[in-house]
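Any value given below was found using the heavy atoms of this structure, including those in side chains, with hydrogens, waters and symmetry copies removed. So that the names make sense, note that chain A is the first sequence line, chain B the second, and so on, each numbered from 1.
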There are 2 protein chains.
Amino acid sequence: MNNRIQELRTKRGWSQADLATRLDVSRQTVNALERGRYDPSLPLAFRIASLFELSIEDIFRP
Amino acid sequence: MNNRIQELRTKRGWSQADLATRLDVSRQTVNALERGRYDPSLPLAFRIASLFELSIEDIFRP
DNA sequence: ATCTTATGTAAAGGACACTTTACACGAGGT
DNA sequence: ACCTCGTGTAAAGTGTCCTTTACATAAGAT
C-alpha cells in the first residue's frame, strides 16, 4: 500500500520526529510507514488523515 | 472504532459467510468486525469500502 | 574538529489482525 | 424428529503493528 506521508510531512517542514509527536506514535513508526515497511492500523490512518485534513483515500492507495 | 458493516451487509441480503467470501477473509473475521472485537487492517478496510462503493470514512468512524 | 539534527536500521517484546478447526444454539423447513 | 442455515464463540497458531533501547551515518552549524 502506497502512501503520501513523506510528501505531506516535508511540505509542512516537519521532521519525522515532529510528525511522530503529532500522531502520538514513535519516530520509528513514522519512518517505517514512509518507507513502506508496513501499513498503519486503521485508527492511525484516521489520525494521519485528520492531521493533514485529507481523506484516507487521498493519502493511501491500495 | 464503530462501523456499519452489518447494516450494509444485511441491506444486501448477504450472510456473514457471503460477505467473507467477497472480502476474501474468514467468516469469523467478518463476525469479529461486526461485533467490534477488532478493527480491520487498512488493506481490508479498502476492500470493504470498495465492495460497498463507499469511502472508508463513510463506513468507519473513529 | 566538534556538536546537533535528521534519518535509517536492528533486536526484543507486547498487542492486535486473521487463520483453521471445532462446537453450540436458535429458527425454519420437511 | 430431523436437517439445514445463520450466527456466536473458543483455542491455538502465524504474521503484522507499534513500542523501547540502541547504534550508525550524513549534513550543517559553530
Side-chain angles (χ1 to χ4, degrees):
Chain A
M1 172 132 353
N2 204 355
N3 74 68
R4 294 171 50 210
I5 296 177
Q6 181 171 18
E7 169 202 343
L8 296 166
R9 170 180 66 80
T10 56
K11 193 157 48 177
R12 283 159 179 75
W14 295 343
S15 69
Q16 291 182 348
D18 290 335
L19 177 55
T21 300
R22 287 171 211 264
L23 292 174
D24 195 31
V25 294
S26 69
R27 177 180 68 84
Q28 285 77 354
T29 293
V30 169
N31 186 274
L33 295 176
E34 287 192 355
R35 314 213 83 241
R37 303 220 316 119
Y38 48 73
D39 299 318
S41 65
L42 188 56
L44 178 52
F46 266 93
R47 298 209 299 280
I48 294 168
S50 162
L51 177 62
F52 290 123
E53 295 181 302
L54 290 170
S55 71
I56 290 179
E57 285 84 352
D58 281 337
I59 301 177
F60 301 92
R61 35 177 163 162
Chain B
M1 172 127 2
N2 203 357
N3 74 68
R4 294 171 50 210
I5 297 177
Q6 180 171 18
E7 168 203 344
L8 296 165
R9 171 180 65 81
T10 57
K11 193 156 49 175
R12 283 160 179 75
W14 295 342
S15 68
Q16 291 182 347
D18 289 336
L19 178 55
T21 299
R22 286 171 211 266
L23 292 173
D24 196 29
V25 294
S26 70
R27 177 180 68 84
Q28 285 79 353
T29 293
V30 169
N31 186 274
L33 295 175
E34 286 192 356
R35 313 213 85 240
R37 303 222 315 118
Y38 50 73
D39 299 318
S41 67
L42 188 56
L44 179 52
F46 266 95
R47 298 208 299 279
I48 294 168
S50 164
L51 178 61
F52 290 122
E53 295 181 303
L54 290 170
S55 71
I56 290 179
E57 285 84 352
D58 282 336
I59 301 179
F60 302 90
R61 34 175 161 172

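- Between B:Leu51 and B:Arg22 the shortest heavy-atom distance is CD2-CB, 3.9 Å.
- Each end of the helix from C:dA1-D:dT30 to C:dT30-D:dA1 gets its own axis, taken as the rotation carrying the C1' atoms of four end pairs onto the next four within a five-pair window, and the two axes meet at 30° to the nearest 10 degrees.
- Residue pairs that meet the side chain to side chain donor-acceptor pair (under 3.5 Å) test with at least one member in residues 48-60 of chain B, sequence neighbours left out, are B:Ser55-B:Asp58.
- Under the 3.5 Å distance criterion, the side-chain polar atoms of A:Arg9 are matched with a main-chain donor or acceptor of A:Trp14.
- DNA chain C lies under 4.0 Å from at least one heavy atom of each of the following residues of residues 17-33 of chain A: A:Arg27, A:Gln28, A:Asn31.
- Pairing each heavy atom of B:Arg47 with each of B:Val25, the nearest pair is NH2-CG1, 3.6 Å.
- Here the closest heavy-atom approach between residue A:Phe52 and residue A:Leu19 is recorded as CZ-CD1, 4.0 Å.
- Of all the residues in residues 36-62 of chain B, not one reaches under 4.0 Å from DNA chain D with any non-hydrogen atom.
- One atom, CD of B:Gln16, and another, C1' of C:dC25, lie 14 Å apart when rounded to the nearest Å.
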* To do: Start with the C-alpha gap between A:Thr21 and A:Asp18, add the side-chain angles, then the distance that decides, and say whether side chain to side chain donor-acceptor pair (under 3.5 Å) holds.
  => CA-CA 5 Å; A:Thr21 300; A:Asp18 290 335; 5.9 Å; no
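- Nearest heavy-atom pair, B:Leu54 versus B:Arg4, reported as atom, atom and distance to 0.1 Å: CD1-NH1, 4.3 Å.
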Listing time: all N or O pairs from protein to nucleotides 27-30 of chain C that are below 3.5 Å?
none

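- Considering B:Thr29, B:Asn31, B:Thr10 in turn, B:Asn31 is the only one that fulfils the side-chain hydrogen bond (donor to acceptor under 3.5 Å, both in side chains) rule with B:Gln16.
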* Asked: Is there a side chain to side chain contact (heavy atoms under 4.5 Å, CB included) between A:Leu42 and B:Tyr38 once you walk through the steps?
  -> CA-CA 10 Å; A:Leu42 188 56; B:Tyr38 50 73; over 6 Å; no
* Asked: Does the side chain to side chain contact (heavy atoms under 4.5 Å, CB included) test come out yes or no for B:Ile48 and B:Leu33, once each step is laid out?
  -> CA-CA 11 Å; B:Ile48 294 168; B:Leu33 295 175; 4.2 Å; yes
* Steps toward side chain to side chain contact (heavy atoms under 4.5 Å, CB included) verdict (B:Arg27, B:Val30) -> CA-CA 5 Å; B:Arg27 177 180 68 84; B:Val30 169; 5.7 Å; no
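- Rounded to a whole Å, the CZ atom of A:Arg35 is 18 Å from the P atom of D:dC18.
- Side-chain N/O atoms of B:Gln6 include none lying less than 4.0 angstrom from OP1 or OP2 on D:dT7.
- Taking both residues in full, the closest heavy atoms of B:Ile56 and B:Ala45 are given as CG1-O, 3.9 Å, listed atom of the first, atom of the second, then distance.
- Less than 4.0 Å separates DNA chain D from at least one heavy atom of each of the following residues of residues 8-15 of chain B: B:Arg9, B:Ser15.
- Crowding of A:Arg61 atom CZ: a count of heavy atoms from other residues, nucleotides or ligands under 6.0 Å not exceeding 12.
- Heavy-atom minimum distance, B:Asn3 versus B:Phe60: CB-CD2, 3.5 Å.
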